[in-house]
Amino acid sequence: MANAIPSRSENYSEWYNELVKRADLAENSAVRGCMVIKPYGFSIWEKMQRALDDMFKETGHMNAYFPLFIPKSFLSKEASHVEGFAKECAVVTHYRLKNAPDGSGVIVDPDAKLEEELIVRPTSETVIWSTYKNWIQSYRDLPLLINQWANVVRWEMRTRLFLRTTEFLWQEGHTAHSTSDEAMAETRQMLEVYARFAEEWAAIPVIKGYKTANERFAGAEETLCIEAMMQDGKALQAGTSHYLGQNFAKAFDVKFQSKAGTLEYVWGTSWGVSTRLMGALVMAHSDDSGLVLPPKLAPIQVVIVPIYRSEEQLAQITEKVKEISAGLRKKGISVKFDDSDANKPGWKFAEYELRGVPVRLAMGARDLENGTVEVARRDTKEKMTVQLEGIVDRIETLLEEIQQNIYDKALAFRTANTHYVDDYAEFKQVLDEKGGFILAHWDGTPETEERIKEETKATIRCIPYNAPEEEGKCILTGRPSSRRVLFARAY
RNA sequence: CGGGAUGUAGCGUAGUCCGGUCAUCGCGCCUGGUUUGGGACCAGGAGGUCGCAAGUUCGAAUCUUGCCAUCCCGACCA
């Protein structure tokens, strides 16, 4: 192992950083805090986009595109929204450059100052609601179900590839409804979509729940989220869906005439997932040998490595491989045949493990003779030699098995690292010694939540949907509580 | 922005205290050959304003000053 990446146990965050770079997902760019998503990484993101986009369409949404720039005044219209977003934004103040008088390059032309500054969108509620005002007059115009795939900018202090970058890619859904109930139903529905995507595609089990008032999206009345556990026990918010009430409708004066003839403000939602999901994918499944990708999101699902001593042998192998590839492709399975002679088989094995290719086939002289092929699965690293007959069906089944196994493994890990705690001292001890999720009682006040956060760095990730009614006492104050909430240290 | 550290080839590094054949080594890259069932080997080769700018000196990667950048720890966050 000449090029081993750091191990998870030694230094988890270094393992993550190295893995993202070495597996060719992304790298830091020349621009502070901004990353370059490389082709291999981007093809995973494309698969995520495709899966999510299909689900959005199935639930009746359409894509549209709104401006990158937002007039500064828009951001002042929704009071709590400003509070949450006005701070870390990129601001365009000028529209022209000119040559520096001393020839040292270009400078901003001071005469080209904008009348009103433009904000590079940190999220698009404001531009979109200002547009919706023109689109909505009647209850017949509702519901309005729009999504946009876009980039946004948030001027974060410290960045990490995929997890927190200054510019990131995401999708943001923005819907408008004639009733509160319908908006709330939409909010829930989209959280379900996210949960289904996380579990069925990314193979990441998630906990669905409500954010506390402290953690709520700026401008939302209710924020729903899915929370995932990473292999270091920390939580990662994988998606959010917000019930906006009439906040943005009021801020942008978006009203509709009801069937009864009354004029009412519309009800809104917004929901989003970002390239942060890429980080979640890496941290949830991968191991010390590299990425472990769920087959449904893997850019290459099957790689075939020939092992040969002569050109004739390679030709024979290639012929067999063509049959297998054709069969796999017919089933929609992506295959790569790596017959480059730049590297030896051993090198290729390690390389494709690093890149997380779910299934590897190796074929050599031995196999030609016996009519077999070596099948290796990335998730368990098991290898077996199997007959060529029926190989395509076998691989198809194997891919499904791997998808399921990766999910099961993540779920087992989460279960093993979720603790029920009833005492504050134990709470701190579990956090420091074991990490993971903690289900504990909380008195429901922001003050208590804040103090626990300050003292332990743990936050309330969510109030789980399915939290059973249970009498208990707040771990900090001892005041009564009727259900447990989910605490964890988070990304 | 506060605290700490680091900038030497595409990447990772030695040398910096003590100025003088010191620009070192590994990976990668190029050429040719032998190899190929778990990260091959041999031979040859290309590649560096030592972060930038001043200064001290006969002489600076090394000393001084000032910039710039990056990383780690905080405050902020999808």
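The figures that follow rest on heavy atoms only: side chains count, while hydrogens, waters and symmetry mates do not.
- Here the P atom of nucleotide B:A78 and the CD1 atom of A:Ile226 are 14 Å apart, to the nearest Å.
- Between B:G28 and B:U65, the distance separating the two P atoms is 41 Å to the nearest Å.
- Between the CD atom of A:Gln237 and the C1' atom of B:C77 there is a distance of 10 Å, rounded to whole Å.
- The separation of B:U36 from B:C41, taken at their P atoms, amounts to 14 Å, rounded to a whole angstrom.
- Classification of the A:Phe252-A:Phe248 ring pair by plane angle, with boundaries at 30° and 60°, yields parallel.
- One can place CG of A:Leu236 at 12 Å from C1' of B:C77, the figure rounded to the nearest angstrom.
- Using a 4.0 Å heavy-atom cutoff across all strands shown, A:Arg160 reaches no nucleic acid atom at all.
- Among the atoms of the strands shown, only primed sugar atoms or phosphate atoms (P, OP1, OP2) are found under 4.0 Å from some heavy atom of A:Lys457.
- The number of heavy atoms from other shown groups lying within 6.0 Å of NZ (A:Lys409) does not exceed 12.
- A:Met190 places its CE atom 19 Å from the P atom of B:A78, with the value rounded to the nearest Å.
- Across the C1' atoms, B:A60 and B:A54 are found 13 Å apart, a figure rounded to whole Å.
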_Applying salt bridge (Lys or Arg N to Asp or Glu O under 4.0 Å) to A:Arg451 and A:Glu455, what does each step give before you reach the verdict?_
CA-CA 6 Å; A:Arg451 221 181 103 197; A:Glu455 293 179 6; 3.0 Å; yes

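- The OH-P distance, from A:Tyr194 to B:A78, rounds to 14 Å in whole Å.
- For residues 207-219 of chain A, every residue pair satisfying the salt bridge (Lys or Arg N to Asp or Glu O under 4.0 Å) rule, not counting sequence neighbours, is listed here: A:Glu192-A:Lys208, A:Lys211-A:Glu227, A:Arg216-A:Glu222.
- Separation of the C1' atoms belonging to B:G59 and B:G55 is 15 Å when rounded to the nearest angstrom.
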*asked:* For A:Glu117 and A:Val92: C-alpha separation, side-chain torsions, deciding distance, then whether side-chain contact (heavy atoms from CB on, under 4.5 Å) applies.
replied: CA-CA 6 Å; A:Glu117 289 96 338; A:Val92 180; over 6 Å; no

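- Spacing between atom CZ of A:Arg22 and atom P of B:G10 amounts to 19 Å, rounded to whole angstrom units.
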Without placing hydrogens or testing angles, list every side-chain donor-acceptor pair under 3.5 Å for residues 294-303 of chain A, not counting sequence neighbours.
unit_1, atom_1, unit_2, atom_2, d
A:Gln301, OE1, A:Ser334, N, 2.9
A:Gln301, OE1, A:Ser334, OG, 3.4
A:Gln301, NE2, A:Pro295, O, 3.0

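- One P atom belongs to B:U70, the other to B:G37, and the distance between them is 44 Å to the nearest Å.
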Report all interatomic pairs (protein N or O, nucleotide N or O of nucleotides 30-37 of chain B) with separations under 3.5 Å.
unit_1, atom_1, unit_2, atom_2, d
B:U36, OP1, A:Arg309, NH1, 2.7
B:G37, OP1, A:Lys344, NZ, 3.1
B:G37, O6, A:Gly364, N, 3.4
B:G37, O6, A:Gly364, O, 3.4
B:G37, O6, A:Ala365, N, 3.2
B:G37, O6, A:Arg366, N, 2.8
B:G37, O6, A:Asp367, N, 3.3
B:G37, O6, A:Asp367, OD2, 3.3
B:G37, N1, A:Asp367, OD2, 2.6
B:G37, N2, A:Asp367, OD2, 3.4

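- Donor-acceptor pairing under 3.5 Å, judged by distance alone, is present between the side chain of A:Arg164 and the base of B:C77.
- In this structure, A:Thr223 reaches neither bases nor backbone, as no heavy-atom distance under 4.0 Å exists between it and the strands shown.
- With both ends at atom P, the span from B:U64 to B:G20 equals 15 Å, rounded to whole Å.
- Listed by chain and residue number, A:His419, A:Val430 satisfy the side chain to side chain contact (heavy atoms under 4.5 Å, CB included) test with A:Lys434 (two or more places apart in sequence, or in another chain).
- Summarising the geometry, the separation between NZ on A:Lys21 and C1' on B:U70 is reported as 11 Å, rounded to the nearest angstrom.
- Projected onto RNA chain B by closest heavy-atom contact, A:Leu354 and A:Thr240 fall at different nucleotides, the more 5' of which corresponds to A:Leu354.
- Whole-Å rounding puts the A:Asn17 CG to B:G12 P distance at 13 Å.
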_Please convert RNA chain B into dot-bracket. A pair counts if it is Watson-Crick or G-U wobble with both distances under 3.5 Å; crossing pairs go in [ ] and bases paired with another strand get |._
(((((((..(((.......[....))).((((((.....)))))).....(((((..]....))))))))))))....

_If you apply the rule side-chain contact (heavy atoms from CB on, under 4.5 Å), what do you find for A:Cys462 with A:Tyr210, and how did you get there?_
CA-CA 5 Å; A:Cys462 69; A:Tyr210 301 87; 5.9 Å; no

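- The aromatic rings of A:Phe56 and A:His61 sit perpendicular, their planes meeting at an angle over 60°, well past the 30° parallel limit.
- B:C42 and B:A53 have their C1' atoms separated by 47 Å, with the value rounded to a whole Å.
- Pairs passing the side chain to side chain donor-acceptor pair (under 3.5 Å) check and including a residue from residues 354-367 of chain A, sequence neighbours excluded, read A:Asp24-A:Arg355, A:Glu351-A:Arg355, A:Glu353-A:Arg360, A:Asp367-A:Thr372.
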